[in-house]
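Written out below as structure tokens is the structure these notes cover.
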Amino acid sequence: MVHQQRSRGRLSPSGDTEDMTDPAVMSRVLAPRLAYFAGVARTEHVTRAAQEMQVPQSTLSRAMVRLEQDLGVDLFARHGRTVSLTPAGRTFLVSVERALGEIGRAAEEVRADADPATGKVAFGFLHTMGAETVPGLIHAFRADHPRVRFSLVQNYGEAMLERLRAGELDLCLTSPVPDAPDLVGRRLDEQRLRLVVPADHRLAARRRVRLAEAAEETFVTLEPGYGLRRITDDLCQEAGFRPRIAFEGEEAETLRGLVAAGLGVALLPPPAVARPGVAELTVTAPRAVREIGVAWLDGHPDTPPVAAFKKFLLSRRGALLPH
């Protein structure tokens, strides 16, 4: 079947026509005409379609003519005041209705996510915050916002910051608090780190220890790129040694298990539940703590539920963690 062809629009020096091969031009010029096309196709009457869509008939008529010029194909056969779809028009209508349906669903989804009462917060947090801290925060927040939904991501700090930059997260709990020009970071609390040793270790009977006393030990640590790994390296350097690494992992409780198995020692935050087979010692020097903060993308507008949760997190400054 042969469709009647028109000359395809191009961007001329005078600006009278547009280059429809350019995606930016396509979205700016073609997209707004699709709803008009669907309305005329549904009613098969330009005047009736204009009345239903509450636009001037002349505007609608010009939009249909320009749409056909842009596509280079006749979409309508005209019969006085009525129109009917050509074969090309019927083919085009199937895709237009599908596209408009997708746009409608997307619009409804973003409206729902921004709803103050039932909207969504995309929230990231460290693995070590997942057992108690984050569930407690969400439970407390939902006392006043019971229908707000959460999309939760558990990861290490640098990965979450990249997801913030990509627009995949609204907020994240991380350590250390980021200092970057495109991010906003606010310190919420600090968490003491402990030297975790096997239960039968030479230091296990001690309650306190200077980190320099572990200079000859083998360490198990998180992988490079994790905030806790960076803190461990810095604290060991401050104590005057470079740690010998036996294992690099991705999760603090795995490291605690490896300490219990005798593979090494580790600097770790307190566990949610005490683990047998290890002793956890307070580090007296250097001061072994990590800052916990909330971060978000600078200049990124907040939806009402995100703004409410951000305000809630900032209100927990100094009381985020048990002390």
Side-chain angles (χ1 to χ4, degrees), residues 124-134 154-162 172-179 185 187-293 320-323:
F125 55 94
L126 299 168
H127 290 95
T128 51
M129 302 281 103
E132 290 186 337
T133 301
V134 168
Q154 192 174 25
N155 215 322
Y156 67 97
E158 287 299 322
M160 286 192 296
L161 298 185
E162 289 308 307
C172 70
L173 281 183
T174 189
S175 177
V177 181
D179 180 16
R187 182 184 183 277
L188 296 179
D189 215 334
E190 68 177 25
Q191 187 176 49
R192 296 193 69 87
L193 302 179
R194 300 169 175 180
L195 182 67
V196 184
V197 302
D200 59 357
H201 192 272
R202 62 182 177 85
L203 297 173
R206 302 266 298 275
R207 295 186 61 186
R208 293 177 171 79
V209 66
R210 290 177 294 108
L211 188 56
E213 295 179 73
E216 300 303 317
E217 300 291 335
T218 298
F219 278 70
V220 292
T221 72
L222 296 179
E223 294 177 349
Y226 283 69
L228 187 56
R229 169 60 181 273
R230 190 157 60 250
I231 293 170
T232 295
D233 290 345
D234 290 346
L235 286 172
C236 290
Q237 181 178 7
E238 190 175 348
F241 69 96
R242 182 176 181 178
R244 293 184 294 118
I245 307 299
F247 176 80
E248 296 175 330
E250 298 180 349
E251 210 276 321
E253 286 310 301
T254 298
L255 301 184
R256 197 171 256 107
L258 294 175
V259 171
L263 192 61
V265 303
L267 276 171
L268 295 174
V273 178
R275 185 177 190 118
V278 300
E280 309 221 1
L281 314 178
T282 298
V283 179
T284 58
R287 187 168 182 266
V289 299
R290 66 170 180 169
E291 289 188 336
I292 305 295
L320 184 75
L321 304 170
H323 292 277

Nearest heavy atoms of [X] and [Y], plus distance in Å:
| X | Y | answer |
| --- | --- | --- |
| Glu250 | Tyr226 | CB-OH, 3.2 Å |
| Ala214 | Leu195 | CB-CD2, 4.0 Å |
| Val265 | Pro198 | CG1-CD, 4.3 Å |
| Arg230 | Gly225 | NH1-O, 4.3 Å |
| Gln191 | Pro269 | OE1-CB, 3.2 Å |
| Pro178 | Leu161 | CB-CD1, 3.9 Å |

Next on the checklist: Walk me through whether Ile231 and Ser175 qualify under side chain to side chain contact (heavy atoms under 4.5 Å, CB included).
Outcome noted: CA-CA 9 Å; Ile231 293 170; Ser175 177; 3.9 Å; yes
Checklist entry - With a 4.0 Å cut-off, would you call Glu280 and Arg256 a salt bridge? => result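 Here Glu280 pairs with Arg256 in a salt bridge, since their nearest N and O are under 4.0 Å apart.
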Checklist entry - Can a salt bridge be assigned to the pair Arg287 and Glu238 using a cut-off of 4.0 Å between side-chain N and carboxylate O? => result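 Looking at Arg287 and Glu238, the cut-off is not met.
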How long is the straight-line distance from [atom2] of [Y] back to [atom1] of [X], given to the nearest 0.5 Å?
| X | Y | atom1 | atom2 | result |
| --- | --- | --- | --- | --- |
| Glu162 | Cys172 | CD | SG | 11.0 Å |
| Phe125 | Thr133 | CZ | OG1 | 10.0 Å |
| Cys236 | Ile245 | SG | CD1 | 7.5 Å |
| Glu132 | Leu321 | CD | CG | 10.0 Å |

Next on the checklist: Using only atom types and a distance under 3.5 Å, with no angle test, would you say the side chain of Glu213 pairs donor to acceptor with the backbone of Arg210?
Outcome noted: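 Yes, Glu213 side chain to Arg210 backbone: donor-acceptor pair under 3.5 Å.
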Item to check | Any donor-acceptor N/O pair, Asp189 side chain to Leu320 backbone, under 3.5 Å | outcome: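 Present.
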Is the shortest side-chain heavy-atom distance between [X] and [Y] below 4.5 Å?
| X | Y | result |
| --- | --- | --- |
| Asp233 | Pro243 | yes |
| Tyr156 | Thr174 | no |
| Val278 | Val197 | no |
| Leu211 | Leu267 | yes |
| Arg192 | Pro270 | no |
| Leu126 | Leu173 | no |
| Leu193 | Leu228 | yes |

Next on the checklist: Could you tell me if Thr128 and Arg290 have a donor-acceptor pair between their side chains, going purely by distance under 3.5 Å?
Outcome noted: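 Looking only at side-chain atoms, Thr128 and Arg290 do form a donor-acceptor pair, the distance falling under 3.5 Å.
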Checklist entry - Passes side chain to side chain contact (heavy atoms under 4.5 Å, CB included), Leu281 versus Arg194? Steps please. => result CA-CA 5 Å; Leu281 314 178; Arg194 300 169 175 180; 6.0 Å; no
Checklist entry - After noting the C-alpha distance and the side-chain angles of Thr284 and Val209, does the key distance pass the side chain to side chain contact (heavy atoms under 4.5 Å, CB included) rule? => result CA-CA 6 Å; Thr284 58; Val209 66; over 6 Å; no
Can you give me every donor-acceptor pair (side chain of residues 215-223, partner residue at least two apart or in another chain, under 3.5 Å) with its distance?
unit_1	atom_1	unit_2	atom_2	d
Glu217	OE1	His201	NE2	3.0
Glu217	OE2	His201	NE2	3.1
Glu217	OE2	Arg202	NE	3.1
Glu217	OE2	Arg202	NH2	3.0
Thr218	OG1	Arg244	NH1	3.4
Thr221	OG1	Arg229	NH1	3.2

Next on the checklist: Pair Leu255, Leu263 - check side chain to side chain contact (heavy atoms under 4.5 Å, CB included), show working.
Outcome noted: CA-CA 9 Å; Leu255 301 184; Leu263 192 61; over 6 Å; no
Next on the checklist: Are more than 12 heavy atoms, taken from residues, nucleotides or ligands other than Arg242, located less than 6.0 Å from that residue's CZ atom?
Outcome noted: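 For Arg242, atom CZ is not crowded (no more than 12 foreign heavy atoms under 6.0 Å).
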